[in-house]
Amino acid sequence: MKAAVGGYARARDLRHALELLSSADGAGRVLAGGQSLVAALNMRLTTGDVLVDIASLDECRGVVDEGETLRIGALTRHAEIGRDPLIRTHAPLLADAVGHIAHAAIRNRGTIGGAIAHADPAAEFPACALALGAVMHVEGLGGRRSIPAEAFFRDTFETALADGEILTEISVPKAAAGEAQAIEEVARRSGDYALAGLCLVRREGRHRIALFSVGPKPTLAAGAMAALDGGDVEAAVAALTDEIDPPSDTQASGAYRRHLAGVLLRRVVARIEGEAR
């Protein structure tokens with residue numbers, strides 16, 4: 001099936017992109033790597049969109065060390081995230097997540113901003129952003145806003161981005177000394193979306209656990225985090241399985257996904273404790 005779009009325009013710079021979105025009268029859709037949007041267009045899940053191509057905006061690309069944080073351009077591709085030395089050193093969770101994302105062709109085209117703005121509940125980068133306490137920087141003709149990850153993801157494919165705004169950058173705190181970051185997931189085949197996935201960050205003795213593919217959006221497991229802060233892994237597993245309500249579909253039942261979440265938590269805790277020895 002071929003896509004049915006209402007138009008296409010290639011933006012010269014960020015201001016031009018925002019003006020194109022504004023002139024599209026609500027039908028504008030931002031095209032970056034296209035790995036999610038083009039698939040949706042081809043399946044006619046959305047039609048009549050005016051595509052605003054921002055792929056050539058160099059101001060939204062690359063990784064910058066800003067002292068206590070890394071600033072990552074939204075157009076930085078997955079493969080670039082995986083091999084960037086600043087990210088490998090200061091935000092290894094993002095680098096490790098790349099190996100779980102689909103296949104090489106998608107990792108070479110997809111962008112971190114596209115993945116986060118698309119907000120697929122089964123995707124790795126939104127959960128990573130939540131676990132790391134990232135901040136999303138968005139821009140519209142009315143100005144610039146910064147949105148913490150906890151407030152950015154609202155529902156299935158729904159974020160705090162307003163009509164006419166573009167996600168331009170993501171700020172990520174640099175890992176503290178002794179900090180542990182890890183991601184685990186279970187998928188039926190390599191490259192498939194996860195049946196369940198979990199990101200864990202242990203920073204100065206405190207834990208942040210973000211789950212994906214177990215609900216309508218990436219979710220922080222507050223009860224499990226508190227139990228892990230107290231050093232009780234089994235209590236954390238019990239809290240985790242109580243505070244999620246995964247859906248059932250043709251890939252797995254909700255009960256199986258809940259079980260997997262507990263398995264992944266035990267696995268990732270054992271992994272970071274093993275690496276710390």
Side-chain angles (χ1 to χ4, degrees), residues 11 13-15 17-18 30 32-33 54-101 107-119 123-140 143-153 159-161 165-183 199-210 218 220 268 271-272 275-276:
D13 52 36
L14 181 58
R15 179 74 186 185
L18 295 173
V30 174
I54 65 169
S56 63
L57 305 189
D58 289 338
E59 63 263 53
C60 296
R61 197 183 308 281
V63 182
V64 178
D65 187 337
E66 294 197 317
E68 295 183 351
T69 63
L70 293 181
R71 187 165 289 242
I72 305 169
L75 291 179
T76 308
R77 300 192 188 282
H78 300 337
E80 295 169 331
I81 296 287
R83 60 176 178 258
D84 188 277
L86 285 173
I87 289 180
R88 285 214 160 271
T89 301
H90 300 297
L93 180 64
L94 293 174
D96 291 346
V98 172
H100 293 283
I101 298 174
R107 295 194 289 268
N108 286 331
R109 290 294 304 168
T111 65
I112 186 171
I116 288 175
H118 187 57
E124 289 83 359
F125 277 152
C128 290
L130 196 56
L132 290 168
V135 175
M136 317 307 173
H137 305 285
V138 308
E139 191 155 340
R144 184 176 174 86
R145 296 193 295 146
S146 297
I147 309 169
E150 288 90 334
F152 189 80
F153 302 106
T159 71
L161 273 169
E165 287 184 327
I166 294 176
L167 173 62
T168 58
E169 296 171 316
I170 301 103
S171 289
V172 178
K174 290 168 68 174
E179 180 167 323
Q181 303 180 4
I183 180 172
C199 303
L200 174 62
V201 173
R202 183 171 63 197
R203 181 177 297 158
E204 297 176 345
R206 304 296 298 273
H207 298 78
R208 285 176 67 90
I209 301 169
L220 279 180
V268 77
R271 178 177 153 193
I272 64 174
E275 290 173 351

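Positions are given from 1 along the sequence.
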Considering non-hydrogen atoms only, spot the tightest contact between [X] and [Y] and give its length.
X	Y	result
Ile87	Val63	CD1-CG2, 3.7 Å
Leu75	Ala32	CD2-CB, 3.6 Å
Ile166	Leu161	C-CD2, 4.1 Å
Asp96	Ile183	CB-CG2, 4.0 Å
Glu124	Ala97	CB-CB, 4.2 Å
Ala131	Leu93	CB-CD2, 4.2 Å

First locate atom [atom1] of [X], then atom [atom2] of [Y], and finally report the distance between them rounded to the nearest 0.5 Å.
X	Y	atom1	atom2	answer
Glu59	Glu169	CD	CD	9.5 Å
Thr168	Leu57	OG1	CG	10.5 Å
Asp65	Arg71	CG	CZ	12.0 Å
Ile72	Ile112	CD1	CD1	4.5 Å
Asp84	Leu94	CG	CG	10.0 Å
Ile147	Ile170	CD1	CD1	11.5 Å

Whether [Y] and [X] form a salt bridge (side-chain N of Lys/Arg under 4.0 Å from carboxylate O of Asp/Glu) is what I want to check.
X	Y	result
Arg208	Glu150	yes
Glu80	Arg61	no
Arg144	Glu139	yes

- Query: Between the main-chain N or O of Gln181 and the side-chain N or O of Arg202, is there a donor-acceptor pair closer than 3.5 Å?
  - Reply: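 It does not hold such a pair.
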- Message: Heavy-atom count check: over 12 atoms from other residues, nucleotides or ligands less than 6.0 Å from Glu204 CD?
- Response: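 Open.
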- Please indicate whether Arg145 has more than 12 foreign heavy atoms, meaning atoms of other residues, nucleotides or ligands, lying under 6.0 Å from its CZ. yes
- Quick one: which of Ile272, Leu132, Ile209 gives a side chain to side chain contact (heavy atoms under 4.5 Å, CB included) with Val201?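 In the set Ile272, Leu132, Ile209, the residue that makes a side chain to side chain contact (heavy atoms under 4.5 Å, CB included) with Val201 is Leu132.
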- Item | Check: Leu130 and Cys199 side chains under 4.5 Å, non-hydrogen atoms | no
- Query: Going by heavy atoms in the side chains, are Arg77 and Arg107 under 4.5 Å from each other?
  - Reply: no
- Query: Pick from His78, His100, His118: which one makes a ring pair (Phe, Tyr, Trp, His ring centres under 6.0 Å) with Phe125?
  - Reply: His78
